[in-house]
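Taking it in order: structure first as structure tokens, then the write-up.
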Amino acid sequence: MSAATDDSNRKFKQIGSRPIRHDGLDKVTGRARFGADFTLPGALQGVFVRSPYAHAKILKIDTSKAEKVPGVKAVITAEDLPELPMSWVSQGPAGVDSGANQRVILAREKALYHGHAFAAVAAATREIAVEAGRLIEVEWEVLPPVLSVDQALAEDAPILHEGQKTEGAGPPVEGDTNITNQIVFEGGDLDAGFADADLVVEGEFETPMVHQGYIEPHACLVNAREDGTSEIWCATQGPFGVKTETATLTGTDPQTIKVTPSEIGGGFGGKIPVYLEPAALALSRKAGRPVKMTMTREEVFRGTGPTSGSKMKLKLGAKSDGTLVAADLRLDFEAGCFRGSPVGAACMTTLSPYVIPNFRILGRDIVVNKPRVAAYRAPGAPIGSFAAESLLDELARKLGRDPIDLRLQNAIEEGGRAKYGPKFGPIGFKETLEAAKAHPQYKTALEGNQGRGVAAGFWFNAGMQSSATVSVNPDGSAVVRTGNPDIGGSRASMALMCAEELGIDVARVRPMVGDTDSVGHCDPTGGSRVTYATGMAVIDATRQVIDHLRARAATMLDVELDSIEWQDGNAVAVNGASDKGSIPIEDIARKMGATGGPIVASASVSPPAAGPGFGVHVCDLEVDPETGVSRVLRYLVVQDAGKAIHPTFVEGQYQGGAAQGIGWALNEEYLWDEEGKVENAGFLDYRVPVASDLPMIDTVIVEVPNPLHPYGVRGVGETPIVPPLGAVANAMRDATGVRFHRLPMSPPRVLDALEGAE
Amino acid sequence: MAKIRVETTINGEETEFLCNGQESLLEVLRDGLGMTGTKEGCTTGDCGACSVVVDGRLVPSCLVLAAETGGRTVDTIEGVADGQTLTPVQQQFLEHGALQCGICTPGFIVAAEKLLEKNPNPTEAEARYFLAGNLCRCTGYDKIIKAVLDAAAVMREGRA
């Protein structure tokens with residue numbers, strides 16, 4: 001049986017229930033082991049040494065004094081890694097540059113941001129390593145830093161990468177530049193579209209660089225062994241990526257590296273790239289000892305990838321009845337110090353929820369002297385959505401229309417074309433808008449200084465490669481093994497899908513996350529793909545196991561295989577053999593040894609697509625005009641999950657994404673001084689939402705099945721962070737009468753805006 | 001530098017350890033004593049992942065010098081459950097799915113136990129403000145607050 005079987009009318013027994021997650025006990029008792037919880041006898045402590053300049057040529061590094069410090073066992077610089085050339089290889093809307101990846105880990109020609117690592121030290125203690133790092137002497141040629149899109153595009157801007165030309169489409173750029181790439185999507189006739197419009201709204205928008213803010217700093221333990229093999233224990237979203245990337249960047253044969261993922265303390269995309277592991281491996285090799293590296297919180301802020309700051313310009317044209325007819329969008333995204341901002345995804349997502357016949361989208365990837373960005377939950381989409389949903393709100397106001405009705409009128413439907421080309425399959429956008437409109441919060445009366453904002457958004461969701469192995473134990477229980485670290489309850493979802501197929505209680509299925517030697521390849525836990533893609537592999541493997549169980553039962557009952565059906569954990573004889581009765585899984589399992597041996601099956605998938613997820617958020621907010629402090633009073637997330645496997649964790653994704661988006665809208669931002677140093681590299685000054693900042697976050701799970709998954713699952717993890725920026729900004733507009741074009745809408749900014757409005 | 005010898009009581013057991021004068025309680029718990037249930041998120045007292053109770057007071061163990069704990073009692077996440085029995089707070093965290101990645105969970109549970117010891121019937125606002133020193137980036141706090149309020153109700157029924 002293939003996993004593509006149509007189960008659309010299936011009555012589920014366990015899917016949609018809310019069992020306690022299998023790994024929960026270890027997490028409420030402190031037993032669960034995260035990245036920094038591993039050690040080995042004789043392990044050294046490794047630390048990075050980081051640049052005091054945001055932009056400086058490295059003329060010479062002298063590590064000799066550091067090496068002589070008692071207790072220091074190894075010092076490395078970029079010279080200890082085989083030099084990889086800078087070379088961009090496109091992969092869909094994104095791409096990879098191993099030379100850049102290597103230079104993020106250890107700067108080679110230049111330090112490109114304040115805090116850019118240029119050396120690493122392994123010593124008996126962290127204190128010794130830090131002290132030795134201070135003795136490394138560097139000859140710098142300090143250069144002026146480029147700290148914003150405007151600075152990067154200025155006529156006389158310092159160029160980060162000599163010889164950098166602009167790739168891609170769009171208007172030609174002469175000479176060396178900080179624009180690494182341009183992306184263009186066009187449709188219809190833009191001039192005719194605007195000429196046809198009765199009403200035009202436009203605006204320029206700005207968002208700051210923000211960090212994923214996972215609570216667990218990056219950590220790893222690496223043991224390079226005498227025979228050239230090595231073991232890595234680390235907190236990562238993608239253990240297979242750690243393996244191949246560490247191999248590539250250190251010039252190592254990947255098959256010699258085994259990666260065991262620990263429990264992971266949050267990632268949101270930021271723990272897909274590697275930072276520590278290649279350096280730790282090089283240190284471990286040089287020292288002949290295991291090396292543990294853990295980042296401080298300050299290092300996480302200064303030295304790991306946040307998401308892009310942006311400048312955007314959008315113009316929307318509509319007929320007086322509200323029909324959108326034209327859109328002109330420009331997105332300028334800070335990539336950090338190397339190409340790779342999520343501007344491509346933003347170009348694809350920003351306008352695609354709506355039917356707009358005439359449009360032009362230009363996205364530019366711009367390098368600046370800040371940390372190279374990494375994925376952050378629906379990368380790029382929240383940024384573009386902030387601009388689009390803000391202007392849709394303006395349009396609704398000018399037309400005197402309900403904001404949900406205006407979106408319903410223009411909402412994309414099945415068969416509608418996304419701005420980047422393909423047609424949408426079955427999607428639940430209209431259902432989601434209607435559910436938001438029907439929710440009681442939408443009718444709750446507002447008082448003075450209060451406002452309500454609506455915004456919508458979507459994310460593609462990813463497919464990619466996954467594999468799973470299911471085995472039956474002699475007592476009829478089962479084990480399901482995958483290679484995807486469980487970042488938000490996915491073990492429970494894998495177990496539920498296996499249990500549903502087998503017809504045994506989910507508590508009798510033990511889900512586990514294997515290391516890179518014990519499971520087939522799995523792409524990272526990211527892209528909202530695990531319950532969808534890895535789940536498909538689990539279902540397929542379980543169905544193969546059921547075929548084995550049926551075959552064993554056929555032997556045991558002495559009937560043809562075709563006469564055995566699998567029903568609720570029993571092999572049942574049918575088709576004229578029903579007098580032979582049935583055998584429960586426990587009895588088949590107990591006799592496995594006599595009927596052919598242990599039962600185990602593996603399956604793999606590589607779906608090229610996934611079902612997109614649409615969401616609609618409603619934010620009710622109150623502003624104190626005396627202080628500029630705003631408070632979210634009520635918040636609603638409505639989203640199409642396709643099919644919720646474990647609704648508790650689906651709701652959790654909705655709530656968590658909303659909270660991150662609210663933080664982005666109201667408080668979060670990197671603050672830079674004139675020399676490019678981050679001024680707020682800690683949780684005291686980089687203010688993520690705390691419990692007292694937020695209300696309960698209400699959720700509605702809409703289920704429009706995704707035909708690409710046997711149960712209809714859509715990824716749910718990323719979409720929830722797309723609408724909040726717009727929803728909060730629109731609520732702020734409603735409460736204050738002021739349209740905010742720049743995030744965050746922190747109290748001083750709100751106060752300034754209110755005073756300006758008077 | 002000579003190490004300092006410290007005698008303390010951790011989770012009810014008399015414990016002895018050596019540390020230097022700069023080491024935090026968090027470092028000694030995790031690296032010295034192998035009690036890794038207490039988590040490090042920031043070392044600046046901003047995230048609450050390392051919450052422990054010293055002499056009955058909720059503190060971030062990253063801001064307590066290990067040497068200061070001599071003659072005191074220290075309670076950590078490892079000592080919260082009563083043998084094989086979870087507390088209502090731990091149980092409600094599981095029932096509500098009040099954790100996603102789980103890194104903040106030990107700190108939240110230690111803090112929530114303290115809240116309910118001081119205030120057996122907190123309002124939602126009281127729970128939110130008491131727990132405002134514990135950061136969670138995954139859940140948006142909704143299920144955490146519900147778990148804590150339900151645990152309070154379970155504990156009140158148990159006492160009644």
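Remember, it's a predicted structure, so these values are computed and weren't measured experimentally. The sequence lines fix the lettering, A, B, ..., with proteins before strands; numbering per chain opens at 1. Atoms considered below: every heavy atom in the structure, side chains included; atoms not considered: hydrogens, waters and symmetry mates.
Residue Ile144(B): no heavy atom, backbone or side chain, is found under 4.5 Å from chain A. Both the backbone and the side chain of Leu25(A) have a heavy atom closer than 4.5 Å to some heavy atom of chain B. Both the backbone and the side chain of Ile215(A) come within less than 4.5 Å of a heavy atom in chain B.
Among Leu29(B), Thr15(B), Val74(B), the single residue meeting the side-chain contact (heavy atoms from CB on, under 4.5 Å) criterion with Met35(B) is Leu29(B). With Arg377(A) as the fixed residue, the side-chain hydrogen bond (donor to acceptor under 3.5 Å, both in side chains) test singles out one of Glu718(A), Gln212(A), Gln660(A): Gln660(A).
Between chain B and the options Gly267(A), Gly24(A), Pro217(A), the largest number of non-hydrogen pairs under 4.5 Å is found for Pro217(A). The candidate with the highest count of non-hydrogen atom pairs below 4.5 Å against chain B, out of Pro689(A), Ser490(A), Gly489(A), Pro19(A), is Pro689(A). Of the listed residues (Leu86(B), Val80(B), Leu99(B), Leu131(B)), the greatest number of heavy-atom pairs within a distance under 4.5 Å of chain A belongs to Leu99(B). In terms of heavy-atom pairs under 4.5 Å with chain B, the best-connected choice from Arg297(A), Arg31(A), Glu263(A) is Arg297(A). Per-residue counts of heavy-atom pairs under 4.5 Å with chain B were compared for Phe683(A), Phe34(A), Phe268(A), Phe649(A); the largest is that of Phe34(A). Interface check for chain B: of the options Pro485(A), Ala235(A), Gly663(A), Pro695(A), the most heavy-atom pairs under 4.5 Å are formed by Pro695(A). The most heavy-atom pairs under 4.5 Å with chain B, out of Glu651(A), His646(A), Met295(A), Arg21(A), come from Arg21(A). Taking Leu135(B), Val110(B), Thr43(B) one by one and counting their heavy-atom pairs under 4.5 Å with chain A, the maximum is reached by Leu135(B).
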Before giving the answer on salt bridge (charged side-chain N to carboxylate O under 4.0 Å, His left out), spell out for Lys146(B) and Asp150(B) the whole-Å C-alpha distance, their side-chain angles and the decisive distance to 0.1 Å.
-> CA-CA 6 Å; Lys146(B) 284 176 180 151; Asp150(B) 277 8; over 6 Å; no
